[in-house]
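First comes the structure, then the notes that go with it.
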Amino acid sequence: TLEQAGDARRARVSLRRGLEAFPRNAELWRRLAELAKLQGDYAGARAYYGRAVDCSPRCFAAWDAWARMELHAYRNARAAAKVAERGLRASGAWRRDVPESARLWHAYGLALTKRWAPSHATKRALSSRRRPSFFSTAHDADVLGSNDTNDEPHERKPRSKRLADSRRAKKQLEARLEELPPTRA
């Protein structure tokens, strides 16, 4: 794409032309937001992401990118968690399994761990919704229990330590999930 080629002006003109023809195209608004974000115009990116999700509440890529921008560019975990939660609720992923929402759930988990201690973030996330079936329990524990300051992979622990951590986290999460009231499918 033109954005990747470094021709931001031509990319912006091309996206604007597309939006004149298709003003309700969420993907074009999302790409314009990405371009603004690449140029450091975070306020503009925020507005374009808002237009993208207004056009299509199920545009998970826009919700995800917006939440991660709030988290990394603004270092605002509270706003990132609110954006991610709004996206999950607006798209219907908050109440039912939507496999396309996995990255957005991940962004939500990252925002929660930045805002609260990992154990509190895990409890908060688990108490606010049932765990989607497409997540493994160990993956949930790793995402929600992470102490990382960014979402980059962390140093690898020895396999035996990883397995022990995974089993312990799985038992803790399963115990917590059993305490939750059943939800409608």
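These numbers come from the heavy atoms of this one structure, side chains and all, not from hydrogens, waters or symmetry mates. Each residue takes its place number in the sequence, starting with 1.
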Between [X] and [Y], what is the shortest heavy-atom contact and its length?
| X | Y | result |
| --- | --- | --- |
| Glu70 | Val83 | CG-CG2, 4.3 Å |
| Ala107 | Asp64 | CB-OD1, 3.5 Å |
| Arg30 | Ala52 | N-CB, 3.8 Å |
| Ala65 | Lys37 | O-NZ, 4.1 Å |
| Ala45 | Ala36 | N-CB, 3.8 Å |
| Asn25 | Leu19 | O-CD2, 4.2 Å |

Please lay out, stage by stage, how Trp66 and Tyr48 fare under the test side-chain contact (heavy atoms from CB on, under 4.5 Å).
CA-CA 9 Å; Trp66 187 3; Tyr48 297 141; over 6 Å; no
Do any side-chain atoms of residues 54-63 form donor-acceptor pairs under 3.5 angstrom with protein atoms, and if so which ones, sequence neighbours left out?
unit_1, atom_1, unit_2, atom_2, d
Arg58, NH1, Ser91, O, 3.3
Trp63, NE1, Pro57, O, 2.8

Going by atom types alone, do Glu34 and Tyr49 pair a side-chain donor with an acceptor below 3.5 Å?
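Checked: Glu34/Tyr49 side chains pair up, N/O donor to acceptor below 3.5 Å.
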To the closest 0.5 Å, what do you measure between CG (Asn76) and NZ (Lys82)?
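Reported to 0.5 Å precision, the distance equals 9.0 Å.
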Interatomic distance, Arg75 atom CZ to His72 atom NE2 [nearest 0.5 angstrom]:
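Rounded to the nearest 0.5 Å, the CZ-NE2 separation comes out at 8.5 Å.
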Check the pair Arg89 / Glu85 against salt bridge (charged side-chain N to carboxylate O under 4.0 Å, His left out), numbers first and verdict last.
CA-CA 6 Å; Arg89 287 183 186 277; Glu85 184 175 328; 3.0 Å; yes
Can you name the residues that form a side-chain contact (heavy atoms from CB on, under 4.5 Å) with Arg17, not counting sequence neighbours?
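With neighbours one apart ignored, the set is Val13.
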Which residues pass the side-chain contact (heavy atoms from CB on, under 4.5 Å) test with Arg51, sequence neighbours left out?
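Residues passing side-chain contact (heavy atoms from CB on, under 4.5 Å) with Arg51: Trp29.
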Residue list, side chain to side chain donor-acceptor pair (under 3.5 Å) with Gln39, at least two apart or on another chain
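Only Arg12 meet the side chain to side chain donor-acceptor pair (under 3.5 Å) criterion with Gln39.
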State, with a plain yes or no, whether a side-chain heavy atom of Leu104 is found less than 4.5 Å away from one of Leu88.
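Of all side-chain heavy-atom pairs linking Leu88 with Leu104, at least one is under 4.5 Å.
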Just so I know, are the side chains of Glu27 and Phe22 near enough to count as touching, which here means a heavy-atom distance under 4.5 Å?
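No, too far: nothing below the 4.5 Å cut-off.
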